[in-house]
Amino acid sequence: MSASRAQGSKATAGLDSDALRSELRRLEAEVARLRCSEKMYRISAAISGQLAWYADSEGRLIAISSGFSPLTGIPEDRLLGGAWIEAIHPEDRELFQEAWAHSLRTGDKLFVQFRSLRADGAVRMALARAVAERSEDGRILCWYGLTQDVHEEQEAEQARYAAESRLRESEQLHRFTLELTRQIVWSVEPDGSGLMLSPRYAEVTGMDPTVEPSLAIHPDDRERIESSWMEAVATGEPYSAECRLVVRGGDYRFYRLRAAPLRDPAGRIVRWYGVSEDIHEERQAEQARRDAEQRYRLAVQATNDAVWDYDVDNDILDWSDNSARIFGSPEAPIGHTRLSWWVTRLHPDDRERISESFRRALHGHRSHWSASYRFQRSDGGYADILDRGFIIRNADGRALRAVGAMADVTERNRAEEEIIRMQSELIHVSRLSAMGAMASTLAHELNQPLTAASNFISGARRLVDAETDQAVELVAALESAGSATQRAGEILRRLRELVSRGAVAVTVEDLPRLIEEASVLGFVDERSLGISHRLELDPAARCVHADRIQIQQVLINLIRNAIDAMEQNPEGEIVLSTRAMGDMVEVAVADDGPGIRPEHFGNLFSRFMTTKSAGMGIGLPISRTIVELHGGKIWAENRPGGGAIFRFTLPTASEAKHKPR
């Protein structure tokens, strides 16, 4: 080898050595970079909770991250041997295997979510992803995969989904609530401008939202609403007002406007939000309640009753405003008292009876209570009270409240007593009037027996003067004189009893005897008139509750009317009859007269109505008053065969209570 060639070879060798050293340095740098990249990947995977794994084209694990074994509790050699399937929840293994088999068969990316089993027994959600590395001809060479714990992410996602669902439901509920309540939602800028209205505004009012919204407010309310709204905007205070808004069709309805400001953390108003709520029915109901209360107050004042409301549980007795005036203390209302306040003002003779009656009503099952008693007024005197109450009970029947009214009937009772006294006077006057009308008849009827007695006594005297033995005739004459005198005395006694004032006394009377006694005066002149009478008395109609003198007055009045009606028929007959009718007895007086004219039936028992030329028209009205005071009734009708019949009823009585006079 020549020297030049040797030198050339050394130069070439030097160049190759430099190149090799340069390539070596490059490769070392690449390896360092790859190691650093691998380290960064491992650190990133560890931080992100990802585990890397490597599998061949058949899906067999070749390498795994070092964290697999500690996490699953399965040794690495077993994991590589196929035991990795044990780290998947049994219920998800089939799902994972089907997804992994599909990727191996098709080469598609693996993306499957499953539940993993941890060494500490925890069940966590995991996500496995894998991609295939292919050769230049497309063959799968191997698989690179990552398994990531996504438990917190999934829980967060589920929580987010649940929150979004609740938000959607809340929004939907809010929207439905607004629809159902017919509320109009609106909002404005902090200064009150830029009004935005919900679609409900146009639906309710029928107005175009682009038209000035204040025109929807009733003209009489507009200025007030605008002024109060601007004041709320200026002060930042929540807003509330009521006004009338126009509705579709042109009518107006009452609405309540409410708004509140939305503020930022610094307290500045960001926007106003408000609603307009239909309260028309509410306002109408409120007005109806006020009207009802007003009518109630006026009714209470008009009736002059002391209305009370007793709260049983709290023992509070609430009195109406006019109660004080009724009790004689007009200066101030009574207000609230205890029940004991009412009890102490009861008359001592009524206190125990009335208070016990009220307590029994409360603790029993009755829904109503009423009583009459004497109540002490503020001046110390006592008022006659008629008290009526209604008891309110719960579902178990326990008394909760009692509401009632006390009526001062003192003046009414006095008036009734005066009416009774005047009726008694009128009845007495009626008897005197009847006896006055019969004066001539009674004088004639009394004269006849007295004259006969005088004649019999004169004849007896002549027999005595003659000193003849006519003892039989003398005795007969004296007996006849005595009989005539007794008849006159009986007439006078009946007359005296009838016209005497006496006290009204309803007792158990023997009806047949009462009728017979009345007939003595009623038919006193029937012989001279040629009239006869007959009694048809029901044995079952014997005892009645009656004032003997007053009922005899009724009978005498009806008998005399019947006699007057038969003036043109002296051959007629008057029939007095009785008939038992359950708890009542009917008494009838029938005549053979011309009957009652149809036009007289309507006012037959009216005062001062009479068909007699010399009558006063008080006999039948007095008779009706007497009968009705006895609890009966009186009426008249025409007999089918001619004549009239007057009937009246009296309460029947037990014979055991009758005491013979």
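Numbers here are sequence positions counted from 1.
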Measuring only between side-chain heavy atoms, which start at C-beta, is Ile184 closer than 4.5 Å to Val275? no
- Task: Answer yes when Arg124 and Glu152 have at least one side-chain N-carboxylate O distance shorter than 4.0 Å, and no when they do not.
- Result: yes
Please determine whether a side-chain nitrogen of the Lys or Arg among Arg93 and Glu86 lies less than 4.0 Å from a carboxylate oxygen of the Asp or Glu. no
Next item on the list: Check whether the ring centres of Trp341 and Trp319 lie less than 6.0 Å apart, and answer yes or no.
Entry: yes
Taken to the nearest 0.5 Å, the spacing of Ile74 CD1 from Ile64 CD1 works out to 9.5 Å
Q: State whether Phe254 and Arg283 meet the cation-pi test: NZ (Lys) or CZ (Arg) under 6.0 Å from the six-membered ring centroid, and within 45° of the perpendicular axis.
A: yes
Closest non-hydrogen contact found for Ala87 with Thr72 is CB-CG2, 3.7 Å
Heavy atoms of Leu362 and Ala399 approach each other most closely as O-CB, 3.5 Å
(Q) Main chain of Ser340, side chain of Thr344: is a donor-acceptor contact present, judged purely on distance under 3.5 Å? (A) yes
- Query: So does Arg271 pair up with Asp191, basic N to acidic O under 4.0 Å?
  - Reply: no
Side-chain ion pair, Asp278 and Arg256, N-O less than 4.0 Å | no
Asp313 vs Arg401, salt bridge (Lys or Arg N to Asp or Glu O under 4.0 Å): CA-CA, chis, key distance, verdict = CA-CA 8 Å; Asp313 292 337; Arg401 306 186 77 85; over 6 Å; no
Value for OG (Ser116) from CD1 (Ile88), rounded to nearest 0.5 Å, stands at 8.5 Å
>> One thing to verify: whether Glu277 and Arg258 come together as a salt bridge, which I'm taking to mean a side-chain N less than 4.0 angstrom from a carboxylate O.
In response: yes
Return yes if some donor-acceptor pair links the side-chain N/O of Arg248 with the main-chain N/O of Ala202 below 3.5 Å, else return no. yes
### Query
Does any N or O in the side chain of His630 come within less than 3.5 Å of the main-chain N or O of Gly632, such that one atom is a donor and the other an acceptor?
no
Exercise. Side chain to side chain contact (heavy atoms under 4.5 Å, CB included) between Tyr252 and Leu245: does it pass, once the steps are laid out?
Worked result: CA-CA 5 Å; Tyr252 284 91; Leu245 289 183; 5.7 Å; no
Between Tyr144 and Tyr54, does the ring centroid distance fall short of 6.0 Å?
yes
Any donor-acceptor pair under 3.5 Å from Asn394 side chain to Gly397 backbone | yes
Test salt bridge (Lys or Arg N to Asp or Glu O under 4.0 Å), reference Arg253, set Glu281, Glu282, Glu242, output is Glu281
Stepwise side-chain hydrogen bond (donor to acceptor under 3.5 Å, both in side chains) check, Asp387 with Trp308: CA-CA 10 Å; Asp387 203 344; Trp308 51 268; 3.1 Å; yes
Practice task
Answer yes or no: is there a side-chain heavy-atom contact under 4.5 Å between Ser372 and Ile385?
Solution key: no
What one should report as the nearest heavy-atom pair of Leu79 and Leu61 is O-CD1, 3.7 Å
Notebook entry, point to check: What do the steps show when you test Met125 against Arg115 for side chain to side chain contact (heavy atoms under 4.5 Å, CB included), and what is the final call?
Noted result: CA-CA 5 Å; Met125 290 301 301; Arg115 287 170 290 177; 3.3 Å; yes
Evaluate the criterion side chain to side chain contact (heavy atoms under 4.5 Å, CB included) for residue pair Phe375 and Met406; output intermediate values, then yes/no. CA-CA 10 Å; Phe375 193 78; Met406 293 171 57; 4.0 Å; yes
Determine yes or no for a side-chain-to-main-chain donor-acceptor pair under 3.5 angstrom, with Arg118 supplying the side chain and Ala122 the backbone. no
>> Any heavy-atom pair between the side chains of Ser357 and Arg359 that's under 4.5 Å?
In response: no
Between Asp396 and Arg398 (side chain of the first, backbone of the second, donor and acceptor by atom type, cut-off under 3.5 Å), is there such a pair? no
* Does atom CD of Gln287 have more than 12 heavy-atom neighbours from other groups under 6.0 Å away? -> yes
Between the CD atom in Gln97 and the CD1 atom in Ile85, the distance rounded to the nearest 0.5 Å is 4.0 Å
- Query: Are any of the side-chain heavy atoms of Glu231 and Glu237 separated by less than 4.5 Å?
  - Reply: no
Of all heavy-atom pairs linking Arg393 and Ala361, the shortest is NH2-O, 2.7 Å
dist Ser228:OG -> Leu257:CG (nearest 0.5 Å) comes out at 8.0 Å
Look at the side chain of Asp264 and the backbone N and O of Gly267, then say whether any donor-acceptor pair between them is shorter than 3.5 Å. yes
What one should report as the nearest heavy-atom pair of His368 and Phe390 is NE2-CD1, 3.5 Å
Under the criterion side chain to side chain contact (heavy atoms under 4.5 Å, CB included), I'd like the reasoning laid out for Leu262 against Ile269: C-alpha separation, chi angles, the key distance, then a yes or no. CA-CA 6 Å; Leu262 175 65; Ile269 296 177; over 6 Å; no
* Does Glu352 CD have over 12 foreign heavy atoms under 6.0 Å away? -> no
Any Glu212 side-chain heavy atom under 4.5 Å of Leu195 side chain: no
Note to self: Test your reading of the model: is there a side-chain donor-acceptor pair from Ser187 to the backbone of Tyr273, 3.5 Å cut-off?
What the structure shows: no
Residues Ile391 and Arg366: closest non-hydrogen pair is CD1-O, 3.7 Å
Test ring-ring contact (aromatic ring centres under 6.0 Å, His included) on Trp342 and Phe358; report intermediate values, then the result. CA-CA 11 Å; Trp342 170 75; Phe358 185 65; 5.7 Å; yes
Any non-hydrogen side-chain atom of Trp53 less than 4.5 Å from a side-chain atom of Ser65? no
Would a line drawn from the ring center of Trp84 to the ring center of Phe68 be shorter than 6.0 Å?
no
Can you confirm whether Ser103 sits close enough to Trp143 that some side-chain heavy atom of one is under 4.5 Å from a side-chain heavy atom of the other? yes
Requested in this report: Verify the ring-centre separation between Trp186 and Tyr201: is it less than 6.0 angstrom?
Outcome: no
Is the shortest side-chain N to carboxylate O distance from Arg351 to Glu356 below 4.0 Å? no
Exercise for review: For the pair Glu286 and Arg289, find out whether any cationic side-chain nitrogen is under 4.0 Å from an anionic carboxylate oxygen.
Suggested key: yes
field: Intermediate values then yes/no, side-chain hydrogen bond (donor to acceptor under 3.5 Å, both in side chains), His102 and Glu98
entry: CA-CA 6 Å; His102 174 78; Glu98 288 179 355; over 6 Å; no
Here the gap from Arg624 atom CZ to Leu629 atom CG, rounded to the nearest 0.5 Å, amounts to 11.0 Å
Practice item. Check the side chains of Asp384 and Tyr373 for a donor-acceptor pair under 3.5 angstrom, ignoring hydrogens and angles. Key: no
*asked:* Is it the case that atom CD in Glu155 sees more than 12 heavy atoms from other parts of the structure closer than 6.0 Å?
replied: yes
(Q) Could you check whether any side-chain N or O of Ser320 sits under 3.5 Å from a backbone N or O of Val307, counting only pairs where one atom can act as donor and the other as acceptor? (A) yes
Taken to the nearest 0.5 Å, the spacing of Asp220 CG from Ile217 CD1 works out to 12.0 Å
### Query
Would you say the side chain of Met207 lies within less than 4.5 Å of the side chain of Val246, judging by non-hydrogen atoms?
yes
